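The structure presented is a predicted model; accordingly, all values stated were derived computationally and were not measured.
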Amino acid sequence: MKKMLKVALPKGRLGEKAYKMFADAGYDCPSILENNRKLIFENEEAGVSFFWVKPSDVAIYVEHGAADIGIVGKDILLEYEPDVFDLCDLGMGKCRVAVAGKKDFCDNPERSLKVATKFVNITKNYYSSIGRNIEIFKLNGSIELAPILGMTDVIVDIVETGTTLRENNLEVITDIMPISAHLIANKASYRFKTADIDILKRELSKKD
Amino acid sequence: MKIFTQSEEIIYKLRELYEKYGYRRFKMSKFEEYAFYMEYRKFLTTQNIISFNDLDGSLLALKPDITLSIAKNAKEGENTKVYYNENVYRVSHNIHEYKEIPQMGVEYIGDVDIYAECELLRLAHDSVEEIAKTAFAKDGEYTYSLDISHMGFISALLSHYGVSDSARADVLESLGKKDGEGVYAACMADGVSAEGAEKIAALAAFHGSYKELCTLSVSEETENIIKELEIVTNMLGDCNVKIDFSIVNDMSYYNGIVFQGFVQGIPRNVLSGGRYGNLLTKMGKNMSACGFALYLDLIDLYRESEEHFDADIVVLYEDATTFEKIDAIEKAANFYRENGFRVVVAKKGSVLPKAKKIIEFDGEKEVLV
């Protein structure tokens with residue numbers, strides 16, 4: 001019997017795009033497109049099962065072996081540093097992590113910089129690399145509100161097109177790093193399903 | 001009656017295995033001087049250590065690692081062949097809290113030649129197979145793997161292409177994640193030629209036999225290492241043994257083969273080991289060393305749980321007011337105990353333990369409930 005490859009996909013546009021890459025590579029699972037409340041979708045013939053999870057949880061499912069492989073943004077890998085193989089950059093879901101603030105913002109180096117973010121680790125590493133003293137305000141959503149309400153000086157967040165920033169009179173101050181979707185694998189699963197995972201990696205990295 | 005849990009059963013089987021190869025059990029105290037760990041901090045997989053003051057004010061630590069203590073006590077001119085089964089105290093990766101973690105391991109310190117290296121790999125291989133067979137077999141079938149890497153091979157390749165000391169940490173980090181693109185980028189940023197960066201990046205994707213390694217060989221040194229890998233893999237003679245350079249340990253302590261063991265059913269490596277001669281050199285001892293550790297907590301954490309029962313049989317009684325009645329109940333229970341069952345005697349109407357079978361005893365005959 002063929003070993004099933006368990007794939008964790010991030011809910012949302014990125015996951016849908018990633019599923020299409022899997023389907024094009026011969027790992028399709030038509031039931032995933034049906035509108036229902038099922039959580040796991042299986043195609044025994046193709047030897048693959050998919051499940052949708054919160055984007056920030058993909059790496060957790062893979063690290064603990066509930067999924068053999070997963071698609072995850074580089075931001076999540078840098079933020080949570082999961083113990084997984086980072087097999088390749090899929091070159092999709094491209095965006096960047098950036099520092100943004102009000103249009104008239106001017107940094108005063110005499111005091112700590114107040115930063116709102118959900119990426120505590122990335123923020124800490126970035127500011128420590130430039131030797132800037134900061135206070136981090138950990139938020140879980142609507143990060144842009146923090147500087148608008150005067151709670152923080154700047155934010156560190158994902159910027160895709162910059163529309164949300166512009167609409168709220170904010171702008172990018174510095175780019176920290178580019179971000180894209182990566183194919184990750186559980187370190188033990190890789191050993192037991194090497195051939196399947198390597199073929200898939202080859203197929204997926206062919207795409208633009 | 002089954003008394004031992006699967007991990008206890010594995011411990012006894014492994015102890016027997018290690019004793020058969022002439023390794024002696026090493027027992028030690030739970031404490032070590034805190035300063036000792038500070039000196040060799042990078043050798044440890046954890047940077048968090050539980051420390052406390054002794055009565056004389058000196059700072060002690062609960063052991064986060066056993067190998068360091070064994071290496072410290074090893075005497076030059078002697079071959080130390082020991083195994084241990086101890087608890088270590090580390091921060092758990094999952095809950096970010098200190099945990100007491102049961103660990104078993106084998107160490108060979110002294111004149112570790114290729115024969116000794118093969119013997120240790122044999123023990124590592126058989127240990128992983130034992131765990132797979134005893135705790136993770138399904139319908140008698142089990143899968144495991146022992147992957148071998150070589151810090152000398154990686155180091156030779158990095159030196160050959162002129163990777164600077166400062167860039168090595170980034171290269172090794174990406175190598176550990178099988179992130180070939182990251183390895184390539186780190187090499188290019190360090191001014192390595194595109195050809196060199198490509199060759200070093202190819203290490204990340206490598207997972208196979210020593211026979212395929214010749215395309216990555218760059219010098220007499222790497223040729224000799226391939227010969228060493230040929231000997232150890234041939235000696236193990238098992239298709240579950242693969243060469244994989246994503247296993248990387250700190251180069252300032254590890255200088256030769258390094259290896260990890262995996263069992264299907266456990267999402268992380270259950271065994272980790274290698275040659276750590278550089279540690280002994282740092283300790284001022286002219287000796288070589290090789291060993292491995294098994295993370296026994298993973299066995300109970302990931303094996304499929306069976307249905308749990310507090311007892312096999314509960315014998316229920318209604319009336320235990322006279323000697324004759326008590327004697328009759330005890331005799332009825334002892335009948336099952338003598339036949340190897342775990343028996344709990346309980347009064348009818350009381351809270352009962354979870355049991356496979358409940359028997360009502362009216363003083364003369366038994367009725368299955």
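Heavy-atom neighbours of chain A within the stretch residues 176-185 of chain B, taken at a separation under 4.5 angstrom, comprise B/G176, B/K177, B/K178, B/D179, B/E181.
The backbone N or O of A/V156 sits less than 3.5 Å from a side-chain atom of A/T117, completing a donor-acceptor pair. Put simply, the side chain of A/S49 never gets that close to the backbone of A/E42: no donor and acceptor are under 3.5 Å apart. Although no hydrogens or angles enter the test, the distance criterion places no donor-acceptor pair under 3.5 Å between the side chain of B/D297 and the main chain of B/I101.
A/V84 touches chain B through its backbone: at least one of N, CA, C or O sits under 4.5 Å from a heavy atom, while the side chain does not. For A/N186, the part lying under 4.5 angstrom from a heavy atom of chain B is the side chain only. Residue B/L146: no heavy atom, backbone or side chain, is found under 4.5 Å from chain A. Both the backbone and the side chain of A/F85 come within less than 4.5 Å of a heavy atom in chain B. In this structure, chain A has no heavy atom under 4.5 Å from any part of B/V270. A/T194 touches chain B through its side chain: at least one heavy atom from C-beta onward sits under 4.5 Å away, while N, CA, C and O do not.
Applying the ring pair (Phe, Tyr, Trp, His ring centres under 6.0 Å) test to B/Y210 and every residue at least two apart in sequence or in another chain returns nothing.
Relative orientation of the B/Y254 and B/Y276 rings is perpendicular, given thresholds of 30° and 60° on the angle between their planes.
Checked against a 6.0 Å centroid threshold, the rings of A/F50 and A/F41 do not count as neighbours.
With B/Y144 as reference, B/H125 is the one residue of B/K133, B/H125, B/E130 to meet the side-chain hydrogen bond (donor to acceptor under 3.5 Å, both in side chains) rule.
In terms of heavy-atom pairs under 4.5 angstrom with chain A, the leader among B/D244, B/N269, B/N240, B/I266 is B/D244.
The environment of A/K138 atom NZ is dense: over 12 non-hydrogen atoms of other residues, nucleotides or ligands sit within 6.0 angstrom.
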Report task. Could you go through the side chain to side chain contact (heavy atoms under 4.5 Å, CB included) check for A/L165 and A/E171 one step at a time? Result -> CA-CA 6 Å; A/L165 292 179; A/E171 65 180 6; over 6 Å; no
